[in-house]
Amino acid sequence: MKEPILEYRLRKGNDTFEPIYHYPDIELEQILARRECEFFVKEGVTYRQLSSSIEGNVFVIYVETYEEEPLNDPLFPPERLVLEIRELNQRKNNPILKIEHHDFHLDILSVIGSVYYYIDGVEWERDSAEIDEDRYVYLLYVKATGYKLEEERK
């Protein structure tokens with residue numbers, strides 16, 4: 001198989017889509033991690049994923065515009081992959097519960113692809129995930145289930 005390519009396509013009206021971002025030099029693990037993200041942020045615009053497909057060696061993620069915010073000053077990319085785990089709570093501005101650093105996109109995928117996640121023995125349920133290219137970070141939004149691991153209850 002040829003090297004994989006990732007393309008984001010934006011919905012324009014009656015189910016027509018226009019290519020907006022093209023990634024020719026991208027590893028399959030990153031494509032899969034991105035495909036697991038319901039949201040994608042680039043250049044101040046948040047896109048919501050509608051679906052995905054594979055056309056030969058081209059992986060396509062279909063999106064629609066979700067919201068737009070002013071673009072902040074560009075950041076320098078960190079040396080490792082960053083994953084912010086945030087409580088889904090808009091009133092509290094989605095507070096950060098934990099920040100993880102990973103070396104591989106497969107490690108990110110293993111976390112954001114799980115339904116449940118534990119922090120200090122407390123169970124959290126996945127709501128959604130996002131890749132924010134403006135900040136060079138993956139985000140996982142979770143909600144507390146109220147459950148604690150057995151050994152933590154003792």
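For clarity, every value in this text was computed on a predicted model and none was experimentally measured.
- Tracing side-chain contacts under 4.5 Å through hydrophobic residues (I, L, V, M, F, W, Y), one reaches V63 starting from I26; they form part of the same cluster.
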Checklist entry - Which is it for V60 and I54 under the side-chain contact (heavy atoms from CB on, under 4.5 Å) test, yes or no, and what are the steps along the way? => result CA-CA 6 Å; V60 180; I54 302 173; over 6 Å; no
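- F40 and Y8 have parallel rings, their planes meeting at less than 30° on a 0 to 90° scale where 60° marks the start of perpendicular.
- The existence of a salt bridge linking R34 and E36 is excluded, since no basic side-chain nitrogen approaches an acidic carboxylate oxygen closer than 4.0 Å.
- With Q49 contributing its side chain and C37 its backbone, the two residues share a donor-acceptor pair below 3.5 Å.
- Judged as a side-chain contact (heavy atoms from CB on, under 4.5 Å), and not counting sequence neighbours, the contacts of R80 are H101, D103.
- Look at K143 and E125 and you find no salt bridge, because none of the NZ, NE, NH1 or NH2 atoms lies under 4.0 Å from a carboxylate O.
- One side chain, Y62 or S53, offers a donor N or O that lies under 3.5 Å from an acceptor on the other.
- Among residues two or more places apart in sequence or in another chain, the ring-ring contact (aromatic ring centres under 6.0 Å, His included) test is passed with Y66 by F39.
- A pairwise comparison of heavy atoms in Y136 and P78 identifies CB-CD, 3.5 Å as the closest pair.
- Between E3 and N57, the shortest heavy-atom distance links the atoms O-ND2, 2.7 Å.
- Rounding to the nearest 0.5 Å gives a distance of 4.0 Å between CZ of R48 and CD of E64.
- Side-chain heavy atoms closer than 4.5 Å link hydrophobic residues (I, L, V, M, F, W, Y) into clusters, and following such links, possibly through other members, connects L106 to I108.
- When every heavy atom of H105 is checked against every heavy atom of A33, the shortest pair comes out as O-CB, 4.0 Å.
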Item to check | R9/I20 under side-chain contact (heavy atoms from CB on, under 4.5 Å): CA gap, chis, key distance, verdict | outcome: CA-CA 6 Å; R9 294 183 188 166; I20 53 172; over 6 Å; no
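- With Y47 as the aromatic partner, K42 does not meet the cation-pi criteria of under 6.0 angstrom to the ring centre and within 45 degrees of the ring axis.
- When atom types are taken as modelled, the side chain of S114 and the backbone of Y116 share no donor-acceptor pair closer than 3.5 angstrom.
- No side-chain donor-acceptor contact under 3.5 Å links N94 to the backbone of R86.
- Annotation: ring-ring contact (aromatic ring centres under 6.0 Å, His included) contacts of H102 (sequence neighbours excluded): none.
- Both I112 and L28 are members of a single hydrophobic cluster when ILVMFWY side chains are connected at heavy-atom separations under 4.5 Å.
- Nearest heavy-atom pair, E43 versus Y21, reported as atom, atom and distance to 0.1 Å: OE1-OH, 3.0 Å.
- Among all heavy-atom pairs drawn from G44 and D134, the shortest one is N-OD2, 2.7 Å.
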Next on the checklist: Working note: E67 + T65, criterion side-chain contact (heavy atoms from CB on, under 4.5 Å); need CA distance, chi angles, decisive distance, verdict.
Outcome noted: CA-CA 6 Å; E67 63 184 11; T65 302; over 6 Å; no
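- Put simply, the side chain of S110 gets close to the backbone of D107: a donor and an acceptor are under 3.5 Å apart.
- In plain terms, the two heavy atoms of Y118 and L149 that are nearest each other are CE2-CD2, 3.6 Å.
- Interatomic distance, K12 NZ to F17 CZ, rounded to the nearest 0.5 Å: 11.5 Å.
- Put simply, the side chain of V111 reaches to within 4.5 Å of the side chain of L140, judged on heavy atoms.
- A heavy-atom distance below 4.5 Å is found between the side chains of V82 and I99.
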Item to check | side-chain contact (heavy atoms from CB on, under 4.5 Å) between R35 and F59, worked out | outcome: CA-CA 9 Å; R35 205 164 60 175; F59 289 78; 3.7 Å; yes
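- For E55, the CD atom sits in a packed shell: over 12 heavy atoms of surrounding residues, nucleotides or ligands are nearer than 6.0 Å.
- From Y141, atom OH reaches atom CG of D127 across 9.5 Å, with rounding to the nearest 0.5 Å.
- Linking Ile, Leu, Val, Met, Phe, Trp and Tyr residues whenever their side-chain heavy atoms come within less than 4.5 Å leaves I96 and V142 in two separate clusters.
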Checklist entry - Can R126 and E38 be said to form a salt bridge (Lys or Arg N to Asp or Glu O under 4.0 Å), step by step? => result CA-CA 12 Å; R126 180 191 197 280; E38 289 87 351; 2.8 Å; yes
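- Counting only heavy atoms from C-beta outward, the side chains of L50 and R11 approach each other to under 4.5 Å.
- The distance from the OG1 atom of T46 to the CG atom of D132 is 7.0 Å, given to the nearest 0.5 Å.
- Within the model, atoms CG of L6 and CG of L32 stand 10.0 Å from one another, a figure rounded to the nearest 0.5 Å.
- For the pair R135 and E84, the salt-bridge criterion is met [side-chain N within less than 4.0 Å of a carboxylate O].
- In the hydrophobic cluster analysis, where Ile, Leu, Val, Met, Phe, Trp and Tyr join through side-chain heavy atoms closer than 4.5 angstrom, L81 is grouped together with I31.
- L88 contributes atom CG, which lies 10.5 Å from atom CH2 of W124 (distance to the nearest 0.5 angstrom).
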